[in-house]
Amino acid sequence: MKLTFSQAINQAFIDAMKSDEKVLCLGLGATDPKGVFNTTSGLEKLFGSQRVFDIPTSENAITGICVGLSIGGYKPVLTHQRLDFALLSLDQIINNAAKLHYMFGGALNCPIVIRMIIGRGWGQGPTHSQNLQMLFAGIPGLKVIIPGSAQDAYSQLRASIESPDPIIFLEHRWLHNSFSEIKLNHSSLDIREQSTVKEGSDITILATSYMLPESIKAANILEKYGISVEIINFRCYYFEPDEAIIKSLKKTKRLIIADTAQDCFSISYTLVEKIKNKIHLGSDKYSILAMPSVPEPTSYYLTKNFYLNYQDILNQVFKMLDIKNNFIEETSLDTIKHDIPGEWFKGPF
Amino acid sequence: MKLTFSQAINQAFIDAMKSDEKVLCLGLGATDPKGVFNTTSGLEKLFGSQRVFDIPTSENAITGICVGLSIGGYKPVLTHQRLDFALLSLDQIINNAAKLHYMFGGALNCPIVIRMIIGRGWGQGPTHSQNLQMLFAGIPGLKVIIPGSAQDAYSQLRASIESPDPIIFLEHRWLHNSFSEIKLNHSSLDIREQSTVKEGSDITILATSYMLPESIKAANILEKYGISVEIINFRCYYFEPDEAIIKSLKKTKRLIIADTAQDCFSISYTLVEKIKNKIHLGSDKYSILAMPSVPEPTSYYLTKNFYLNYQDILNQVFKMLDIKNNFIEETSLDTIKHDIPGEWFKGPF
Amino acid sequence: MDENFRIRKILDMQELNIQEIKNLNYKLLMVMKRIREVELSISKEYKNQEIRCPVHLSVGQEAAAAAIALNINKTDYSVSTHRGHAHYLAKGGDLKAMISELYGKKTGCSKGKGGSMHLIDKEVGFMGTSAIVGNSIATGTGLAEAAKLNSKGQISVIHIGDGALEEGVFYESLNYACLKQLPAIYLCENNFYSVYSPLKVRQPPNRDISALAKAIGTKFSYKCKGNDPVNAHNIVQKAIYQCRNNYGPIFIEYETYRWLEHCGPNNDDNLNYRDQKEIADWREKDPIKILERKLTQKESKDYELYKVYIKNEIAEAFQYAKDSKPPNYIEAFTEIYSSK
Amino acid sequence: MDENFRIRKILDMQELNIQEIKNLNYKLLMVMKRIREVELSISKEYKNQEIRCPVHLSVGQEAAAAAIALNINKTDYSVSTHRGHAHYLAKGGDLKAMISELYGKKTGCSKGKGGSMHLIDKEVGFMGTSAIVGNSIATGTGLAEAAKLNSKGQISVIHIGDGALEEGVFYESLNYACLKQLPAIYLCENNFYSVYSPLKVRQPPNRDISALAKAIGTKFSYKCKGNDPVNAHNIVQKAIYQCRNNYGPIFIEYETYRWLEHCGPNNDDNLNYRDQKEIADWREKDPIKILERKLTQKESKDYELYKVYIKNEIAEAFQYAKDSKPPNYIEAFTEIYSSK
Ligand SMILES: Cc1ncc(C[n+]2csc(CCOP(=O)(O)OP(=O)(O)O)c2C)c(N)n1
Ligand SMILES: Cc1ncc(C[n+]2csc(CCOP(=O)(O)OP(=O)(O)O)c2C)c(N)n1
Ligand SMILES: [Mg+2]
Ligand SMILES: [Mg+2]
């Protein structure tokens, strides 16, 4: 079954809501004609307006209301069209949802999923584009899921909805139209499991979110030149590296972390140290590719060279393998402008 | 002049408010009989209720109101009795204060100081004890100041008030009663400057906040055994290591970072990597001492062995210097209970 | 029926509705007295430095809790704040588990992890308290939505203080509850202070807060003046009836007064942040004394027995708490997640 | 005085108070028409994909802005939202700098860093807009406090939409403004929708929002029905007078309607989230047409000239924006702090 990322989210909702009538879907625009970039389209018709509904612009209370619903036996999935809006609800997320299970000695648990969409490009600007994953990943009690593919969108959302713990589910806006062959299956998924999406022997890339397709693009180019890249889809922000990562690094002994968040105090730094506690990596054997630690400007001209893409990955691989590349030119013939995910995008949102 | 940390804050307010009539002091309890642990006592009498005032329990709006005051020409200093309460205002802090200067192309600037007090012990529990410095330190546009001594309390608060940028000023509750000789001087202080408080040759400790007195205690004990510790008061959370740090490490070649925040995605990890970009440190030559990555429990019994203190620092130094210590016993004769800063503390807050 | 058993039945919140005792005054008094005695015992014990967490006592404010106790069902929900002991007990929360929680023991209702500010007894629908002002308002509103979705006639009672009215989350939650006509009762104990701060430095002068709730969208809003327990009961009874019968959310302002310091075991009237005459006036309106004066002779005799009974019950609870094994510090590191 | 110069004077917000033109209708019309033409030009140009940021146009909603334009001083403050073009222009904001900002140029009012949702012109007291719903309400309230502390008779106008009323920050800010009697005007353009969502899925039915503001604590709250520019003007005039004369904060609800899609250059009536009859009714209430019909013959003649004038002015602004040098991408990394 070939689905876009958006369609996969939608399908996950349908399947989850069919299999468990306690699952609810709410958020600004959840029932509107655009259905949150088509991820919630049609759900109200299928499951009724008691289970699928629009909400007031009250991010803070709504988050606490979801907590209340969850301890009252429901499984709400709340969607924010931008992560930035969820900053209004950090008290409820950190002081309530994340702590509930712990601070009542296990008496309660809080099965909520909060989807947050991360914007990029087309003038999203400083308050519509922040990937503040570190705000959430650093809070014990939360699990932070950041799907990188349409398959993840489906299986990780299903697993998140079934999780008894609060989940922050970060969707990159530029992934919504990416598509792939999908198995409508999630039963075996450990929500903290990373996934190896491409095997290789020269270098390991831990790619998060939208950096996954960019990494794959880079790896495919590198393959032509005899460089074999292993790609791990780093799709859950847990600081303990899982086995796939350790196994991969034992083989390749070289690591690039490619992240869509900013460099400063990036979670990647913790990850590197935790990896190095398990396996030796010389200081020239790993590197972190992350966004600059500045707000995202709005102007088309100012975002030029602001985002990371497959070319940055190519350059980094060359550098780490100590290869003087003369074929990089060939790959810079892109015609798509840097501030849109593809020609299909015509603005404004 | 000998002052406690609290008195030093109070003095900084007095001197700042005298020298600039635009400085305001506001916060829950700013004018009450306890004066926020005596830090704001007497100010209303000196400067009037237009400049020193109590506020409604409206953390979010009040923060934005401070932003408005600041672009209207004032310099508000807002105090939260616990950092945890400030989570209600992260939208205003991150989407407004931190971005203002940047997103209006430099047209505005935002000279506000937000003091947040970090709780510990005596059953503060999961939502009255969080040091979430990483929430702020990772936001471009903010500067995060975390004073470790009474001198810092004075000079860093003065420098913060004079800063044209928004400052998050983190005060550890357990420092309020610590005291020292103080120079009422701040004019030469670069707000991002770290300070070397003790010279030594064997190992460098970057100590933050309340870990500073604990580190000094450890260093004094170690001195008796011929181990020479250099201590740098890491009092501004900037990710680029400053010269004092690099200079020190060139000498000692060994680093401990002692932090009052939790380990998981701690900013220390970024710092280590940034340091290693400038100077080689073998993987057994540095270590991070930080709090466990779990919520802080309330019970006296559960917080036993939860906090870090000078003993943890001693042990870590021994470990890194490869010394089998048989004198550690001697130092564990403390009679003060682990959940209070000193005998003077009788609860409840 | 032997006295002790009768009293025990009264203490069991489920039984309170059976109207074993016909006199409302007496029933209210019993609930209030028990709460007061618990609070005073905590106050007394606190000095021994074995209760090592902040406590916010309800002495003087017991009537609102008692009004709820007499009218709520076990299957209903309630949530409260930092000052939650009375509401926990009113909902039928386990006393031993509460006292043990204050002592940081594993037998505590939150296994020592939450302390006085994090009480819970899921068995009786008491769904937790929060140490963050306003925080549990949203949770309680969500429970009201769960109640509505369940269609079993449950309601959700949200205990708050006057300070919580200043948090945006109160307004957002009430807007939501009105929009969706949720069975929620927002019961605000207006004790005129938030810590040391009087209303006048926090809210516009002479604002009628029940009118405010109405303007936000509740169909019914009530105001209960002057710490009157019978009035409180009657209003709460009516409100719960309306709430169960789909009149949507209801707001109740209950005027009251705190006798001890905001946080801690002591009287702090020496700090003079409250007017001496104001204090004296409110002391006059002690809801317990008022009702004690109204007891019949027969009831007074019962009441003497009852007082002995609760004294014993409370002593037992404290003993239980003190005797309970402390948790191992390792347990601090468990139950952060409920799954792997 | 030659026509062009006279019109230029009218366009200068400082001069508007000089009452060069006696007829209120005509003055309101001039301001509104200019705003509309700017917005329509943006709509038209957007298709060329050179304006590469979200835009929220005010077509249909111009009257509230015009009412402010005619009554506010340059030394007063104002702040607005994502839909801020009209308010920026009403306060006297520089047109060229605004259009350049949309084109992401360095000559933009925010040097290209902020885009359409972050307009500023400090020179005329327009202190910024925010892309976060409700966010600038608090900022504007703080500016009102600064105004009060300055004691120079300034006021602060806070432009908001009906959706912003759902954010707790609105309530917290208004509570604060009432408490401290700040000279703030909260001017809410109720266009009945937040993105595609009608009021009924967001707020309790038939709630009177100006009554809500009054219950929070304003002395005066006004409601202006049906997109009537003259009524809007009179209410705003009165409110500003009261606000300057220490009656504390004032809330104004101004009913209006958005003609184009929530975000973007197009009409989206084909999506059917709004009733066709509702749309038609509101189109009837076009504040510009209504006033155009009321012009005298002499004014109509002037108006024709005026239209030519603004057409040129706008064309010039677009040309200026297009011709402006793009910023170097390196500038993305500057001015994060205003100190080292
Ligand atoms: C968000 C937040 N801000 C501030 C505090 C500090 N605080 C604890 S209790 C309290 C007073 C609240 O007053 P009120 O709601 O009237 O309750 P009362 O204590 O009078 O019962 C405050 C301000 C807090 N716990 N949470
Ligand atoms: C905190 C936050 N939540 C959601 C959004 C998404 N959003 C942008 S504009 C808008 C509509 C606001 O409606 P209203 O205040 O009525 O203004 P209007 O667009 O009708 O002028 C929304 C929900 C946002 N920008 N910020
Ligand atoms: Mg109170
Ligand atoms: Mg609207």
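For the numbers below, each heavy atom of this structure counts, side chains included, while hydrogens, waters and symmetry mates do not. Computed from a predicted model, the values in this text were never measured in an experiment. Each chain gets a letter, A, B and so on, in the order the sequences are listed, and its residues count up from 1.
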> Quick one: does B/Tyr307's side chain have a donor or acceptor within less than 3.5 Å of a partner on B/Gly121's backbone?
Replying inline: yes
> With a 4.5 angstrom heavy-atom cut-off, which part of B/Leu132 approaches chain A: side chain, backbone, both or neither?
Replying inline: side chain
>> Please identify, among A/Asn96, A/Thr127, A/Asn95, the residue contributing the most non-hydrogen atom pairs under 4.5 Å to chain B.
In response: A/Asn95
> Under a 4.5 Å heavy-atom cutoff, which of A/Ser268, A/Ser266, A/Pro140 has the most pairs with chain B?
Replying inline: A/Pro140
> Which atoms form the tightest heavy-atom contact between A/Arg120 and A/Glu296, and what is the distance?
Replying inline: CA-OE2, 4.0 Å
> Do any N or O atoms from the side chain of A/Lys99 and from the backbone of A/Ile94 form a donor-acceptor pair under 3.5 angstrom?
Replying inline: yes
> Between B/Tyr210 and B/His172, what is the ring plane arrangement, given parallel below 30°, perpendicular above 60°, and tilted in between?
Replying inline: parallel
> Considering only heavy atoms, which portion of A/Ser89 lies under 4.5 Å from any heavy atom of chain B: side chain, backbone, both, or neither?
Replying inline: neither
> Between the main-chain N or O of A/Glu193 and the side-chain N or O of A/Arg235, is there a donor-acceptor pair closer than 3.5 Å?
Replying inline: yes
>> Keeping A/Ser209 on the side-chain end and A/Met211 on the backbone end, is there a donor-acceptor pair under 3.5 Å?
In response: no
>> Using heavy-atom distances under 4.5 Å, tell me whether A/Gln130 contacts chain B through its side chain, its backbone, both, or neither.
In response: side chain
> With chain A, which of B/Glu273, B/Glu240, B/Gln92, B/Met103 has the greatest number of heavy-atom pairs at distances under 4.5 Å?
Replying inline: B/Glu273
>> Using a 4.5 angstrom heavy-atom cutoff, name the option from B/Pro295, B/Cys264, B/Pro297 with the most pairs to chain A.
In response: B/Pro295
> At a heavy-atom separation under 4.5 Å, does A/Phe136 approach chain B through its side chain, its backbone, both, or neither?
Replying inline: neither
> In terms of heavy-atom pairs under 4.5 Å with chain B, which of A/Leu271, A/Ile93, A/Leu135 leads?
Replying inline: A/Leu135
> Which answer fits A/Leu281, side chain, backbone, both or neither, if we ask what part of it has an atom under 4.5 Å from a heavy atom of chain B?
Replying inline: neither
> Is chain B contacted by the side chain of A/Asp84, its backbone, both, or neither, given a heavy-atom distance below 4.5 Å?
Replying inline: both
>> Determine whether a donor-acceptor pair (N or O, by modelled atom type, separation under 3.5 Å) exists between the side chain of A/Ser70 and the backbone of A/Val67.
In response: yes
> Are the side chain of A/Gln262 and the backbone of B/Gly138 linked by a donor-acceptor contact shorter than 3.5 Å?
Replying inline: yes
